[in-house]
Amino acid sequence: MSLLEQNLEKYAALAVHVGVNIQQGQTLVINAPISAAGLIRKIAKKAYEAGARNVHVEWSDDELGLIKYQEAPDEAFAEFPVWKAKGMEEMAENGAAFLTIHAPNPDLLKGISAERVAAANKTHSMAMFKYRSYLMANKACWSIIAFPTAEWARKVFPGEVNPELAISKLWDVIFEVTRIKAEDPVQLWKEHIARLTQTSKYLNDKQYQQLIYKAEGTRLTVDLPKNHIWHGGAAVSDKGIVFSPNMPTEEVFTMPHRNGVNGVVRSTKPLNYSGNVIDGFSLTFVQGEIVHFTAETGYDTLKHLLTADEGARRLGEVALVPHQSPISMTGLIFFNTLFDENASSHLAIGKAYPINLAGGADMTEEELAHHGVNTSLVHVDFMIGSADMNIDGVTPSGEVEPIFRNGNWALPAN
């Protein structure tokens with residue numbers, strides 16, 4: 001067995017045992033591109049060996065999606081198969097676990113009408129809102145891992161003319177940052193999760209009422225709701241199953257108060273959103289709402305994102321990631337949020353995770369809104385961290401304490 005095959009076997013095992021943490025008799029649903037078929041077969045085998053009752057695969061194909069955008073009539077983007085949405089909801093209600101294989105082409109929809117992409121995104125988000133709400137409240141175990149495409153690899157390594165070598169280089173980075181190269185990746189992941197959990201506990205004990213961000217182009221204050229909860233590394237489902245939503249992961253995150261964000265924040269990495277790149281953008285907030293924005297690249301795409309609904313002009317997540325994270329230290333821009341968000345502190349436009357508020361997973365939409373929790377059809381992370389980022393926390397008594405200095409942790413626990 002080649003080294004690549006050995007690493008793929010370990011990658012599949014990590015996804016099954018640490019990612020979704022499949023349980024005896026459980027169904028595993030995999031959302032994956034057809035290009036990742038070989039990896040999916042390995043994952044399916046590992047899942048059945050771990051006791052899965054069934055492995056159900058929802059296949060996708062970027063090229064077919066592109067053809068639809070190019071050729072289909074406008075009304076096609078106002079439709080979504082109800083049976084598919086209901087099926088995903090039903091599987092979540094019946095205890096399935098969900099694994100997504102992310103294999104992006106960052107420039108797939110370059111040249112496609114921003115209006116057409118926005119219409120398709122809104123239709124999909126509305127149809128899948130209930131299913132996504134199950135996942136965001138940890139009513140089901142879920143995880144996301146990556147699979148390199150030639151288009152993505154060439155974007156990350158623009159100087160590599162050979163697509164096969166570019167893919168090989170990207171696999172090497174993926175295996176490195178997901179700890180696959182270790183003799184026992186599962187044990188390393190447990191130790192890593194323990195460190196992130198320790199940091200989350202420190203921040204939860206502090207219960208900062210506000211975060212203050214200062215960096216080049218950024219002067220932002222973010223109020224945190226009372227009884228907010230920081231999470232990091234692993235999550236726990238409502239059935240008590242520990243799983244890892246993102247692989248890799250380097251963040252600890254919580255929610256802001258939807259009306260408590262003020263100031264200006266500037267992005268520090270490109271954002272690949274729905275096959276288009278948004279870059280060099282800034283957002284101005286007043287009482288939680290984005291009242292002005294600019295973008296050097298992808299202005300129309302950003303405009304349609306921010307007008308998806310009322311909640312799309314507010315924040316749903318604040319996440320802290322040290323500049324010296326393993327992913328950041330690669331020096332690469334991944335044009336893939338799964339990686340770039342774990343190389344940089346970030347914020348998320350749109351829907352908040354109910355789990356970031358004490359008792360939030362069991363609250364109604366009205367109760368969540370009463371506590372300052374934002375809701376939206378969208379949830380889009382964008383990167384703001386840098387080597388000069390300083391972040392302070394304001395305690396309930398009004399004291400200002402350092403959390404980040406020069407892009408990295410300044411906490412006693414770190």
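The shown structure was predicted, so the numbers you read here are calculated from the model rather than taken from an experiment.
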Run the numbers on Tyr208 and Leu203 for side chain to side chain contact (heavy atoms under 4.5 Å, CB included), then give the verdict.
CA-CA 7 Å; Tyr208 290 116; Leu203 293 170; 3.9 Å; yes
Any heavy-atom pair between the side chains of Ile290 and Thr284 that's under 4.5 Å?
no
Could you pull out the closest heavy-atom pair between Ala120 and Tyr69, with the gap in Å?
CB-OH, 3.2 Å
Donor-acceptor check, side chain of Gln207 to backbone of Asn227, threshold 3.5 angstrom: yes or no?
yes
Between Lys269 and Glu341, does any side-chain N to carboxylate O distance fall below 4.0 Å?
no
Pick from Asp309, Asn121, Leu377: which one makes a side-chain contact (heavy atoms from CB on, under 4.5 Å) with Met126?
Leu377
Do any N or O atoms from the side chain of Thr199 and from the backbone of Arg195 form a donor-acceptor pair under 3.5 angstrom?
yes
Residues at least two apart in sequence or cross-chain that pass salt bridge (charged side-chain N to carboxylate O under 4.0 Å, His left out) with Glu251, listed by chain then number, are none
Note: His231 and Ser200 closest approach over all heavy atoms is C-OG, 3.4 Å
Can any side-chain N or O of Asn374 pair as donor or acceptor with the backbone N or O of Gly311 at less than 3.5 Å?
yes
Salt bridge or not for Asp362 and Lys139, using N-O below 4.0 Å?
yes
Would you mind telling me which of Phe335, Trp171, Phe339, Phe147 makes a ring pair (Phe, Tyr, Trp, His ring centres under 6.0 Å) with Trp152?
Phe339
Is there side-chain contact between Thr301 and Ser274, with at least one heavy-atom pair below 4.5 Å?
no
Assess, by modelled atom type and distance only, whether the side chains of Tyr134 and Glu93 contain a donor and an acceptor separated by less than 3.5 Å.
yes
Could you tell me whether Glu9 and Lys42 have a side-chain N and a carboxylate O separated by less than 4.0 Å?
yes
Kindly check if the number of other-residue, nucleotide or ligand heavy atoms within 6.0 Å of CD (Gln287) is above 12?
no
Tell me whether Lys86 is salt-bridged to Glu90, with the criterion being a basic N under 4.0 Å from an acidic carboxylate O.
no
Ion pair present between Asp392 and Arg405, side-chain N to carboxylate O less than 4.0 angstrom?
yes
Spell out, as yes or no, whether a donor-acceptor pair under 3.5 Å connects the side chain of Asn408 to the backbone of Gln324.
yes
Evaluate the side-chain proximity of Asn105 to Leu66: yes if any heavy-atom separation is below 4.5 Å, no if none is.
no
From CA spacing to verdict: side chain to side chain contact (heavy atoms under 4.5 Å, CB included), Asp381, Glu317
CA-CA 8 Å; Asp381 299 277; Glu317 179 185 329; 3.5 Å; yes
Just checking, any donor-acceptor pair under 3.5 angstrom between side chains of Thr27 and Arg53?
yes
Mark yes or no: Lys169 above the aromatic ring of Phe157, with NZ or CZ under 6.0 Å from the six-membered ring centre and no more than 45 degrees from the axis.
yes
Between Ser386 and Thr268, do the side chains contain a donor N or O and an acceptor N or O under 3.5 Å apart?
no
Quick check: closest heavy atoms across Ile327 and Glu250, and the distance to 0.1 Å?
CD1-CG, 4.2 Å
Under the criterion side chain to side chain donor-acceptor pair (under 3.5 Å), which of His228, Gln210, Arg258, His257 is the partner of Asp223?
Gln210
Taking distance alone, no hydrogens or angles, what donor-acceptor pairs closer than 3.5 Å link side-chain atoms of residues 350-357 to residues at least two apart or in another chain?
| unit_1 | atom_1 | unit_2 | atom_2 | d |
| --- | --- | --- | --- | --- |
| Asn356 | ND2 | Ile229 | O | 2.9 |
| Asn356 | ND2 | Phe253 | O | 3.3 |

Counting heavy atoms not belonging to Arg41, are there more than 12 under 6.0 Å from its CZ?
no
Nearest 0.5 Å, what's the CG-CH2 distance between Leu64 and Trp59?
14.0 Å
Within this structure, what is the OG-NE2 distance for the pair Ser345 and His323, rounded to the nearest 0.5 Å?
10.5 Å
Is the CD atom of Glu216 crowded by more than 12 outside heavy atoms at less than 6.0 Å?
no
Evaluate the criterion side chain to side chain contact (heavy atoms under 4.5 Å, CB included) for residue pair Trp230 and Thr197; output intermediate values, then yes/no.
CA-CA 9 Å; Trp230 291 87; Thr197 300; over 6 Å; no
Within 45° of the ring axis of Tyr131 and under 6.0 Å from its six-membered ring centre, is that where the NZ or CZ of Lys84 lies?
no
For the backbone of Val378 and the side chain of Ser376, can you confirm whether one donor and one acceptor N or O come within less than 3.5 Å of each other?
yes
Is Lys181 close enough and on-axis enough to Phe175, meaning under 6.0 Å and within 45°, for cation-pi?
no
Side-chain donor or acceptor of His346 paired with backbone N/O of Asp340 under 3.5 Å:
no
Please confirm whether Phe281 and Phe382 have ring centers closer than 6.0 angstrom.
yes
To the nearest 0.5 Å, tell me how far Glu289 CD sits from Asn262 CG.
11.5 Å
Main chain of Met383, side chain of Ser267: is a donor-acceptor contact present, judged purely on distance under 3.5 Å?
no
Look at the side chain of Thr123 and the backbone N and O of Ala119, then say whether any donor-acceptor pair between them is shorter than 3.5 Å.
yes
Side chain Glu176, main chain Val173, donor-acceptor under 3.5 Å:
no
